[in-house]
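Quick caveat, the model's predicted, so the values are computed rather than measured. Numbers here are sequence positions counted from 1.
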Amino acid sequence: MNLTELNGKTCLRDICFEELAERYGTPFYLYDLETVKGKCAAIRRAFGDSLELLYAVKANPNRELLAAMRSEVDGLDIASAGELERALDAGFDAGCISFAGPGKTRDELRRSLEAGVGCISVESLRELHDLRDLVRSGSPRASILVRVNPQLLIRDFAVKMGGKASQFGIDEEELPSALDFIKANADAFDFKGIHIYAGTQCLNEESLAQNLANTLAIAARVTIDYGMECRVINIGGGLGVSYYEEHPGLDLDKLAVLFRAEFDRYREATGTKPRILMELGRFLVAEAGMYVTRVVSEKLSRGEQFYVLDGGMNHHLSASGNLGMTIRKNYLVRNLSRPGAERKTCTLVGPLCTPLDLMGKGVTVEAPEVGDLVGFLNSGSYGYSASPLLFLGHGEPCELLVEGMGSR
């Protein structure tokens with residue numbers, strides 16, 4: 001997000017946050033579509049046509065943002081029937097949608113089959129049985145990927161979903177049973193390939209390439225040893241974003257070189273040219289978002305300076321450290337009203353009647369005053385929709401999408 005200073009106030013290009021606050025009130029989320037487009041374009045430049053880009057809806061399912069994604073990505077990754085409906089409402093064709101998630105119900109599977117979802121990532125033998133039964137009772141044939149929980153643990157993933165006991169995917173050592181079932185019920189299944197999403201929030205190019213190599217090795221065994229060609233390989237995502245500090249981020253050109261080498265080895269080993277899908281959520285939208293609040297009170301308590309904001313964990317659970325963070329870290333934060341003020345170390349809290357509503361502990365920010373706007377950067381993913389919006393009845397923030405020089 002390209003922030004500028006104009007007349008002593010913080011702006012996004014020529015859009016002043018103070019003017020937005022006057023018009024829409026606070027708190028609010030702001031998403032910059034130009035930043036999202038820039039992220040998508042960076043992936044396109046680095047990887048070219050070597051892979052197809054899916055947007056992971058769970059990162060930010062805002063309807064306007066989702067509709068704008070149609071021209072930026074090749075398809076969507078969804079995790080519920082609700083996300084399927086939102087995707088279809090946004091104008092996406094069901095054939096470009098991939099559906100993953102460990103708890104798909106029979107109704108969700110039926111709806112996916114009827115809608116013509118392009119790939120259903122099967123995560124258990126139970127799902128295979130349900131899909132077979134649905135097809136034999138009249139639903140369309142199931143286009144599936146087998147999601148695999150790999151044995152290899154990639155330690156550089158901050159959030160690990162593979163390489164251990166997990167609700168995600170079929171354990172790699174149990175893969176033969178799943179493939180045998182699919183072969184035995186070929187009338188019910190259009191087997192397309194495999195899906196491995198072993199973890200996320202990785203900022204190391206070599207570790208991401210190691211994960212890809214392992215994914216492709218499993219796909220090669222399925223293709224060669226089991227005679228079941230992987231026409232589609234969903235390699236997951238996992239590209240990291242730094243929420244808590246200024247970080248140069250991944251070197252996408254370096255990553256693309258490493259990835260292309262692995263793709264070439266796979267094609268040579270198997271004699272096939274599969275479609276490669278990469279699903280990205282936070283990498284595309286995190287840096288495009290800001291959560292904006294207003295300082296409503298301040299106090300000094302036993303030597304610690306507190307500033308109370310009009311929004312907190314009820315709107316932005318991630319920033320409060322209560323969304324799975326093992327060691328709490330402060331989000332990057334800015335005083336939008338007085339960006340030139342001397343920086344001060346303080347504690348930022350929300351308005352809720354709970355000590356969990358901690359938005360910044362010992363955070364250094366341009367010294368706030370009551371009435372100032374405070375912005376939490378890198379808030380475009382896992383913000384509004386991942387928060388307990390009804391908790392303690394403080395109301396919901398509005399969401400604003402900025403496109404070009406305007407907002408909507």
*Go through the structure and list residues passing salt bridge (charged side-chain N to carboxylate O under 4.0 Å, His left out) with Arg70, not counting sequence neighbours.*
none
*asked:* Under 3.5 Å, is there a donor on one side chain and an acceptor on the other for Arg282 and Asn378?
replied: no
*Set of side-chain contact (heavy atoms from CB on, under 4.5 Å) partners for Val370, sequence neighbours left out*: Val295, Glu298
*side chain to side chain contact (heavy atoms under 4.5 Å, CB included) between Glu22 and Glu19: does it pass, once the steps are laid out?*
CA-CA 5 Å; Glu22 283 295 320; Glu19 293 175 2; 5.6 Å; no
*side-chain contact (heavy atoms from CB on, under 4.5 Å) involving Ser71 - partner list, sequence neighbours excluded*: none
_Does the plane of the ring in Tyr29 sit parallel, tilted or perpendicular to the ring in His316? Use 30° and 60° as the thresholds._
tilted
*asked:* Please evaluate residues Phe17 and Met290 with respect to the criterion side chain to side chain contact (heavy atoms under 4.5 Å, CB included), reporting the C-alpha separation (whole Å), side-chain torsions for both, the decisive distance (0.1 Å), and the verdict.
replied: CA-CA 11 Å; Phe17 285 94; Met290 183 184 293; 3.8 Å; yes
*asked:* Quick test of your reading: applying salt bridge (Lys or Arg N to Asp or Glu O under 4.0 Å), list the pairs with at least one residue in residues 141-151, sequence neighbours left out, ordered by first then second residue.
replied: Glu123-Arg147
*Does any non-hydrogen side-chain atom of Arg231 lie less than 4.5 Å from one of Arg275?*
no
*Roughly how far apart are Ser318 OG and Tyr382 OH, rounded to 0.5 Å?*
9.0 Å
*Are the charged groups of Arg110 and Asp107 less than 4.0 angstrom apart, N to O?*
yes
*For His315 and Tyr291, test the side chains for any donor-to-acceptor distance below 3.5 angstrom and give the result as yes or no.*
yes
*Where do Arg13 and Val402 land on the side chain to side chain contact (heavy atoms under 4.5 Å, CB included) test, with the steps shown first?*
CA-CA 10 Å; Arg13 296 185 290 278; Val402 174; 3.5 Å; yes
*Can you measure from OG (Ser385) to NZ (Lys58) and round to the nearest 0.5 angstrom?*
11.0 Å
*Taking only residues two or more places apart in sequence, or in another chain, which ones meet Lys37 in a salt bridge (charged side-chain N to carboxylate O under 4.0 Å, His left out)?*
none
*So, Lys254 and Glu206, do they make that salt bridge, N to O below 4.0 Å?*
yes
*Would you please name every residue forming a salt bridge (charged side-chain N to carboxylate O under 4.0 Å, His left out) with Glu85, sequence neighbours left out?*
Arg111
_Side chains of Ser139 and Glu114, donor plus acceptor under 3.5 Å_ = no
*Can you find a pair of side-chain heavy atoms, one from Val73 and one from Glu52, that are under 4.5 Å apart?*
no
Scan the side chains in residues 86-102 for donor-acceptor partners under 3.5 Å anywhere in the protein, sequence neighbours excluded, and list what turns up.
| from | atom 1 | to | atom 2 | distance (Å) |
| --- | --- | --- | --- | --- |
| Arg86 | NH1 | Pro61 | O | 2.6 |
| Asp93 | OD2 | Gly95 | N | 2.7 |

*Listed by chain and number, what are the ring pair (Phe, Tyr, Trp, His ring centres under 6.0 Å) partners of Phe28, not counting sequence neighbours?*
none
I'd like a table of donor-acceptor pairs (distance under 3.5 Å, sequence neighbours excluded) in which one partner is a side-chain atom from residues 345-352, with atom names and distances.
| from | atom 1 | to | atom 2 | distance (Å) |
| --- | --- | --- | --- | --- |
| Thr345 | OG1 | Thr364 | OG1 | 3.1 |
| Thr347 | OG1 | Glu304 | OE2 | 2.5 |

*Identify, with sequence neighbours excluded, every residue that meets ring pair (Phe, Tyr, Trp, His ring centres under 6.0 Å) alongside Tyr55.*
none
*Heavy-atom count around Glu173 CD within 6.0 Å, excluding the residue itself: above 12?*
yes
*asked:* Working to the nearest 0.5 angstrom, can you tell me the gap between Leu30 CG and Leu400 CG?
replied: 5.5 Å
*Check ion pair Asp171-Lys164 (N to O, under 4.0 angstrom)*: no
*Nearest 0.5 Å, what's the CD1-CZ distance between Ile120 and Phe189?*
9.5 Å
*With sequence neighbours excluded, tell me which residues meet side-chain contact (heavy atoms from CB on, under 4.5 Å) with Thr270.*
Ala220, Thr223, Ile224, Tyr266, Thr272
*Under 3.5 Å, is there a donor-acceptor pair between the Glu279 and Asn234 side chains?*
yes
*asked:* If you apply the rule side chain to side chain contact (heavy atoms under 4.5 Å, CB included), what do you find for Leu358 with Lys361, and how did you get there?
replied: CA-CA 7 Å; Leu358 178 63; Lys361 176 73 171 177; 3.9 Å; yes
*Check: Ser381/Asn60 side-chain N/O donor and acceptor closer than 3.5 Å*: no
*Go through the side-chain N and O atoms of Ser320 and Asn322 and say whether any donor and acceptor fall under 3.5 Å apart.*
yes
*Is there a donor-acceptor pair under 3.5 Å between the side chain of Gln201 and the backbone N or O of Val241?*
yes
_Any non-hydrogen side-chain atom of Thr105 less than 4.5 Å from a side-chain atom of Asp130?_
no
*Are Glu369 and Arg338 close enough for a salt bridge, meaning some N to O gap below 4.0 Å?*
yes
*With sequence neighbours excluded, residues passing salt bridge (charged side-chain N to carboxylate O under 4.0 Å, His left out) with Arg265*: Glu262
*asked:* If you take the centroid of each ring, where Trp contributes its six-membered ring, are Phe259 and Phe47 closer together than 6.0 Å?
replied: yes
*For Asn185 and Phe181, indicate whether the former's side chain and the latter's backbone hold a donor-acceptor pair under 3.5 Å.*
yes
